Amino acid sequence: MAMQRFNKYQYETSPRKLEPEYKAPKKKYPKKSTAPKINTQAKKEKTAKGHNIRKRDRAKLVISLGLVFTAIFAISFRNSQIDESFSKNEEMKQQYLSIEKENDQMKVDIENSLNLNNLEQQAKELLGMQRLTNKQTVYISLPKKDYIQPAAESVIIEEDEGIVEKILHTIKNIF
C-alpha cells in the first residue's frame, strides 16, 4: 500500500481514494431505555433557573436596546446641530452678499454724484451759481521787478567741537 501512495502518475479517469492510516472503531449505541423519572422539585428548580436566565437575557436585551437607542439619538442630535449651524452659515452668507451688493450700488452712486457735470448742475440749481464771463475777469499788470530781499540777519550754525578744538579756538580768540 505504501508504494501506491507515492506513484507520480495516475492512469485512471477518476482519482483514487486515499485510505486513512487510522480507522476508528465503530461504537454501538444502546437502544432506548426508559430513564428514571426526575422528581418534580428538581423540575421546578430547573425551570426556576431557566426563568432567571430568561430574566437576565431580557435585561441584557433591554440594556443593549437602550444603548443602541442612545447612540442613534446622539447621532441624530449631532446631525441636527450640524444642520442648524449650516443654515445659520447660509443666512450669514446671504446677508453678506446683500450688504456687498448695497455697498457696490453706493459706490456707483458716489461716483455718479462726483461727476463734474452733476456738481455744476447742482451748483446752478441749489446755490444759484453761474460760470464766469469775460466781463467779470479783471487782469492786473505787475512790473517785472524782483521783489526778493536778502535776509537782514545772518544765521550762524554752531557745530559741536571737541575739547581740544575749543581750547585752540579760545587761544585764537585771545591773540
Side-chain angles (χ1 to χ4, degrees), residues 1-133 157-163:
M1 276 195 187
M3 293 288 273
Q4 291 177 356
R5 206 167 170 186
F6 294 106
N7 283 343
K8 290 184 178 180
Y9 299 102
Q10 187 173 358
Y11 296 104
E12 298 174 4
T13 57
S14 61
R16 70 184 127 86
K17 184 176 183 182
L18 297 176
E19 295 179 13
E21 294 177 7
Y22 170 76
K23 291 184 181 179
K26 292 185 178 180
K27 292 183 181 179
K28 293 184 179 178
Y29 294 105
K31 292 185 179 180
K32 283 189 179 180
S33 63
T34 56
K37 291 188 176 183
I38 302 174
N39 294 339
T40 56
Q41 286 181 346
K43 272 188 178 180
K44 287 181 182 178
E45 288 176 4
K46 284 185 180 179
T47 57
K49 288 181 182 176
H51 189 63
N52 287 340
I53 291 172
R54 288 182 191 158
K55 285 184 180 179
R56 287 181 188 162
D57 288 341
R58 286 182 186 169
K60 287 181 182 178
L61 179 66
V62 168
I63 290 171
S64 63
L65 286 175
L67 290 174
V68 168
F69 177 74
T70 305
I72 291 172
F73 178 75
I75 291 170
S76 64
F77 181 72
R78 183 189 61 168
N79 286 340
S80 67
Q81 285 182 335
I82 290 171
D83 289 341
E84 285 178 20
S85 64
F86 181 75
S87 65
K88 285 180 184 177
N89 190 13
E90 288 299 317
E91 287 177 18
M92 293 183 122
K93 282 182 182 179
Q94 292 298 326
Q95 288 176 354
Y96 171 74
L97 290 174
S98 65
I99 290 172
E100 192 174 45
K101 187 182 281 186
E102 287 177 21
N103 192 14
D104 290 340
Q105 286 180 349
M106 286 183 179
K107 284 181 182 178
V108 169
D109 290 342
I110 289 171
E111 287 176 5
N112 287 339
S113 67
L114 291 179
N115 189 0
L116 292 179
N117 293 331
N118 290 341
L119 284 175
E120 183 180 352
Q121 184 179 5
Q122 287 179 357
K124 284 180 182 178
E125 292 174 0
L126 299 176
L127 302 174
M129 300 176 86
Q130 58 187 354
R131 283 195 171 267
L132 289 177
T133 60
I157 299 175
E158 295 183 16
E159 295 181 12
D160 290 337
E161 299 175 345
I163 296 173

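This structure is a prediction, so every number in the text was calculated from the model and none was measured. For this chain, numbers begin at 1 and follow the sequence in order.
- In this structure, Ser64 and Leu61 have side chains that are in contact, with non-hydrogen atoms separated by less than 4.5 Å.
- Between Leu127 and the options Lys124, Glu125, Met129, a side chain to side chain contact (heavy atoms under 4.5 Å, CB included) holds for only Met129.
- Rounding to the nearest 0.5 Å places CG of Asn118 at 6.5 Å from CD of Gln122.
- To the nearest 0.5 angstrom, Gln81 atom CD is 10.0 Å from Arg78 atom CZ.
- Interatomic distance, NZ of Lys60 versus CZ of Arg56, reported as 8.0 Å (0.5 Å rounding).
- By the 6.0 Å contact criterion, CD1 on Ile163 is open, its count of non-hydrogen atoms from other residues, nucleotides or ligands being 12 or less.
- Note that the CE atom of Met92 and the CD1 atom of Ile99 stand 10.0 Å from one another [nearest 0.5 Å].
- Between Glu100 and Leu97, some side-chain heavy-atom pair lies under the 4.5 Å cut-off.
- The structure places CG of Asp104 at 11.0 Å from CG of Asp109, a figure rounded to the nearest 0.5 Å.
- Counting non-hydrogen atoms of neighbouring residues, nucleotides and ligands closer than 6.0 angstrom, the CG atom of Leu116 reaches no more than 12 such neighbours.
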